Amino acid sequence: MFDKTYDAREIEPRIRNVWEDAGAFAAGAGASRDADAFCIVIPPPNVTGSLHMGHALNNTLQDVLVRYQRMRGKDVLWQPGTDHAGIATQMVVERQLAEAGEPSRREMGREAFLNRVWDWKAQSGGTIKAQLDRLGASCDWSRERFTMDDGLSDAVLTVFVRLHKQGLVYRDKRLVNWDPKLLTAISDLEVESKEVKGELVHFRYPLADATFDPADPSTFIVVATTRPETMLGDTAVAVHPEDPRYTDLIGKEVVLPLVGRRIPIVADAYSDPEKGSGAVKITPAHDFNDFEVGKRHKLPVINIFDEEAAVRLSSNDAFFDGIEREAVSNLVETLEGADRYAARKVVNALMDEGGFLEKVEANVHQVPYGDRSGVAIEPFLTDQWYVNAKRLSEPAIDAVREGRTRFVPDNWSKTYFDWMDNIQPWCVSRQLWWGHQIPAWYGPGDRIFVERNEEDARRAAEVHYGVTVTVAERAEALAAWERADDGSIVLYRDEDVLDTWFSSALWPFSTLGWPDRTPELRKYYPTSVLSTGFDIIFFWVARMMMMGLHFLNREPFETVYIHALVRDEKGAKMSKSKGNVVDPLDLMDAYGADALRFTLAALAVQGRDVKIAKARVQGYRNFATKLWNATRFADMNACRIDPRFAPSEAKTTLGRWILTEASQTAEKVADGIETYRFNDAAAALYRFTWNTFCDWYLELVKPILMGPDGDEKDEIRAVTALVIDDIVAMLHPFMPFITEELWAITAAQSNVPRETLLIHAAWPQERLIDEGTAAEINFVVDLIATVRSVRAETNVPASVEAPIVLIGSSATHEAFVVRHEAAIKRLARIGEITVDAVAPPNAAQAVVGEVVVCLPLAGIVDLDAERARLSKEVNRLEKELGKIDGRLSNPKFLDKADAATVDEQRQKREDVSGRLTKMRAALDRLEPIS
RNA sequence: GGGCGGUUAGCUCAGCUGGUUAGAGCGUCUGGUUUACACCCAGUAGGUCGGGAGUUCGAAUCUCUCACCGCCCACCA
């Protein structure tokens with residue numbers, strides 16, 4: 001029944017089935033009808049992803065919260081689900097196609113490709129759930145959602161359409177971050193700037209009314225650039241209005257080399273006299289700042305690239321506007337189709353040839369890269385859909401400012417405010433296929449119909465156009481517009497999809513059934529806690545705040561707990577390329593899910609990275625084994641659960657003491673969890689279980705358990721069983737498997753059936769608080785520890801059962817010794833205990849409280865070692881006494897420190913000086929060195 | 001450039017609102033056939049709390065400053 005060894009591999013899958021069969025994770029399971037709600041929505045992992053250490057940490061912490069609150073009687077929902085992860089998933093499938101030598105996405109077409117993605121989802125979508133199960137995450141899987149399932153897609157449509165009708169979603173033509181590899185726009189957040197060693201190229205732009213002479217600076221103006229190839233699209237040169245070097249030139253023109261276009265020199269404060277030459281080329285189509293300058297000066301926008309960032313001039317009307325097509329035919333031919341980096345080389349060479357290249361400097365600068373594709377992103381002028389984030393951000397800022405949503409640790413609210421205060425329009429359209437297709441239909445005359453479905457769009461269009469409307473593919477529709485058929489109109493649907501984070505932003509309410517008014521939505525929204533990493537505060541947290549407040553008028557969560565990043569044991573960020581990824585599944589295989597969970601909780605200190613080391617996990621596996629063995633020991637000693645036992649009426653000091661300690665620990669653990677100080681909670685559990693309960697309580701109690709039957713033994717048995725019950729319960733949120741198992745075993749052994757599984761059992765109540773017992777136990781513990789230490793230091797062999805003589809003991813302490821005599825003898829390996837007035841000669845001596853403990857072992861005690869030990873101790877005490885006296889003789893201290901502190905110091909002085917006197921006397925009693 | 005965090009024992013880290021002999025785990029070293037556990041027990045060594053200044057009767061803890069490390073945001077033609 002009770003296996004001798006703890007085997008996580010055997011226990012964990014079995015217990016998992018027990019929970020599953022019982023439906024233990026279901027929303028509200030085990031709670032009373034009127035219980036308060038507690039809800040966490042899981043940060044949805046990528047549907048085709050697998051569990052990494054960050055997931056393991058975050059989901060462990062969420063599970064600790066969820067299991068704790070369940071035991072507190074709350075009606076708990078931990079809402080799970082997965083995210084379709086647009087770009088990531090689409091890329092994976094495209095890579096698979098490429099590797100298998102199959103037709104590419106574009107070759108197979110949208111429908112066939114999407115079928116392939118759904119296949120892949122069907123195939124790998126269960127992985128992450130299985131892995132979370134493995135970890136013990138008690139999510140209500142019966143409510144699992146997926147961002148692209150029907151319900152959530154419906155929420156997405158509803159939100160998009162409503163925002164559009166409210167004017168908060170709009171279509172705009174402006175520069176976006178364009179990913180020339182993925183061929184889609186991406187948001188600001190998906191751009192990472194990287195430091196790149198490049199070149200700063202200085203070009204001479206000839207003045208239009210001078211004859212260009214490379215040797216004569218008065219005939220040209222120098223501009224510097226890190227992107228020489230974009231000069232083909234230059235439409236101005238900007239100088240600072242107050243830069244004395246250039247004031248004369250403002251309003252004049254230069255002739256753009258190679259191209260021959262006449263472009264103006266404009267005055268604009270954007271130009272920084274300190275940088276480069278002080279004059280800057282303006283390319284509105286290829287630089288965000290230049291775009292703004294262009295708007296201010298009404299400059300033409302000449303885009304020289306195609307969507308893959310290759311030069312495209314031949315059919316480029318804007319480029320040929322104002323120049324002779326013939327004059328640039330060579331240039332166009334040379335550059336057509338060259339990618340941006342190749343074009344850069346060519347342009348530099350041509351400029352050099354013409355004498356327009358002044359110099360090239362090495363230059364380190366920041367270049368924006370797509371976080372997914374890893375290629376430099378290109379500012380690109382396109383039509384995209386935007387969300388007016390500024391408007392939505394206002395209530396979201398207020399919610400945090402007014403404390404309706406609280407960040408833990410609080411300093412993250414600053415990060416949140418900084419970003420929210422400067423929020424930019426959110427580009428939500430993506431030129432991808434995998435995702436929520438934008439519900440917008442286009443008709444002739446620049447009309448857009450944003451509706452929940454095709455039928456509604458068609459109807460809206462019919463109202464608008466007053467004729468029959470049909471819907472077709474884009475190409476077909478455009479052709480129809482071209483033909484301008486009479487009497488009917490053809491619409492086509494926007495081919496783009498929404499940013500994945502658009503649907504994620506709805507997660508806290510879409511998963512609860514919104515836009516329907518479901519009972520779950522009423523009960524669980526706003527949710528209690530969101531637990532996530534700081535890296536997605538902007539991507540996700542901020543956007544959920546915005547959407548939640550906008551559509552439900554309530555903030556989506558009360559608390560946002562921001563956990564640390566998991567790093568390897570040296571503190572490096574884990575990455576596949578570095579090969580330092582620690583796989584949580586490996587650790588679970590080796591040590592069990594319980595050990596991994598406890599490790600992560602113990603390391604989850606606020607505001608500090610989590611460095612995971614194998615040795616640590618092993619240590620907590622040992623902890624599980626320790627608990628297992630302690631429970632087994634109790635079992636072997638017939639410590640049975642006794643429902644009639646009333647702990648508050650316990651008679652034995654040991655019983656009252658351990659019940660007090662257990663009660664205090666439960667309080668500490670609860671406090672740690674509730675304040676998100678998981679490490680404190682874990683430490684309190686570890687210390688109590690191992691150091692207090694196993695090392696001291698069980699050892700002190702052994703003589704009783706092995707002694708004669710009677711009231712004392714009965715009580716200790718009942719207490720032991722009860723405290724183990726409490727330990728198992730307190731530990732359950734951290735180590736759910738082993739505790740659920742022990743909960744069942746102890747019940748079976750006691751023949752007292754449990755009313756519920758541990759997962760639904762109540763958090764340990766306060767059994768008893770009797771601080772008075774501490775004095776007795778502490779004295780005994782102190783005595784044993786002191787004797788052990790003295791023995792070891794004076795080289796008394798372990799096998800010797802040394803007698804001890806107590807000198808100067810108070811009646812109280814003498815009574816303590818009598819009461820725990822058997823335990824003291826056993827634990828300190830002592831033979832006879834006697835009380836005397838005078839110390840025996842040549843004994844090792846130590847002070848415990850007011851008592852001098854002597855080990856009279858002439859010939860066995862190493863007297864030289866003893867002398868050294870005593871001197872050292874005397875020394876230490878003298879130093880400490882000096883410090884205390886320094887304080888107490890300082891009138892300012894007596895004057896300013898509060899009375900309690902002064903008293904404390906006085907008390908301490910008394911203790912220390914008492915000890916010191918005794919130690920000195922002890923030293924004197926030793927024979928002088930012969 | 002703006003912001004946030006870190007620097008405590010060989011290693012990984014606790015130490016909250018100032019008063020402890022500055023702690024834990026791992027590792028080291030010593031001892032252990034104590035009938036729960038060697039994934040164990042007992043004991044031991046090891047730290048001028050990054051440097052400097054200040055506030056205070058009193059600073060690992062508060063303030064300033066410097067150094068180094070890490071991260072986030074925004075930009076340098």
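For clarity, every value in this text was computed on a predicted model and none was experimentally measured.
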In whole Å, what is the span from the [atom1] atom of [X] to the [atom2] atom of [N]?
X       : N      : atom1 : atom2 : result
N890(A) : U56(B) : CG    : C1'   : 11 Å
D535(A) : C73(B) : CG    : C1'   : 14 Å
R227(A) : C76(B) : CZ    : P     : 12 Å
D290(A) : C75(B) : CG    : P     : 13 Å
N422(A) : G2(B)  : CG    : C1'   : 11 Å
D898(A) : G18(B) : CG    : C1'   : 12 Å
I423(A) : C73(B) : CD1   : C1'   : 14 Å
I562(A) : G5(B)  : CD1   : P     : 15 Å

Interatomic distance at [atom1], [N] relative to [M], whole Å:
N      : M      : atom1 : result
U63(B) : C26(B) : P     : 35 Å
U12(B) : A53(B) : C1'   : 32 Å
G5(B)  : U17(B) : P     : 13 Å
C29(B) : U33(B) : C1'   : 23 Å
U56(B) : C62(B) : C1'   : 10 Å
A24(B) : U34(B) : C1'   : 26 Å
G18(B) : A60(B) : P     : 13 Å
U48(B) : A36(B) : P     : 43 Å

For RNA chain B, whose closest nucleotide is more 5', that of E904(A) or that of V191(A)?
E904(A)
Using the closest heavy atom to pick a nucleotide of RNA chain B for each, name whichever of Q905(A) or A602(A) lands nearer the 5' end.
A602(A)
Which of these passes ring pair (Phe, Tyr, Trp, His ring centres under 6.0 Å) with W419(A): F534(A), F539(A), F538(A), W426(A)?
F538(A)
Counting any heavy atom closer than 4.0 Å, what does [X] reach on the DNA or RNA strands: base, sugar-phosphate only, or nothing?
X       : value
K872(A) : sugar-phosphate
K825(A) : nothing
S799(A) : nothing
R887(A) : sugar-phosphate

Mate of [N] where both pairing distances stay under 3.5 Å, Watson-Crick or G-U:
N      : value
A42(B) : U30(B)
C64(B) : G52(B)
A14(B) : none
U21(B) : none
C4(B)  : G70(B)

How many angstroms lie between atom [atom1] of [X] and atom [atom2] of [Y], to the nearest 0.5 angstrom?
X       : Y       : atom1 : atom2 : value
L200(A) : T226(A) : CG    : OG1   : 7.0 Å
I784(A) : R829(A) : CD1   : CZ    : 13.0 Å
T665(A) : L731(A) : OG1   : CG    : 11.5 Å

Answer yes or no for K414(A) and F407(A): cation-pi contact, defined as NZ/CZ to six-membered ring centre under 6.0 Å and angle to ring axis within 45°.
no
Between F356(A) and R204(A), is there a cation-pi geometry (under 6.0 Å to ring centre, at most 45° from the normal)?
no
Using a cut-off of strictly less than 4.0 Å, decide whether N289(A) has a side-chain nitrogen or oxygen near OP1 or OP2 of C76(B).
yes
Donor-acceptor pair, S277(A) side chain versus V222(A) backbone, under 3.5 Å?
yes
Should K359(A) and E361(A) count as an ion pair when the cut-off is N to O under 4.0 Å?
yes
Is any NZ, NE, NH1 or NH2 atom of the basic residue among R876(A) and E878(A) found under 4.0 Å from an Asp or Glu carboxylate oxygen of the other?
no
Starting the side chain at C-beta, find the nucleotide from C16(B), C57(B), C4(B) nearest to N411(A).
C4(B)
I want to verify a distance call: between G3(B), C73(B), U21(B), whose nearest atom is closest to the K414(A) side chain?
G3(B)
Treat primed atoms plus P, OP1 and OP2 as sugar-phosphate and everything else as base, then score nucleotides 22-43 of chain B 5' to 3': B for base contact with protein heavy atoms under 4.0 Å, S for sugar-phosphate contact only, - for none.
--------------BB-BSSSS
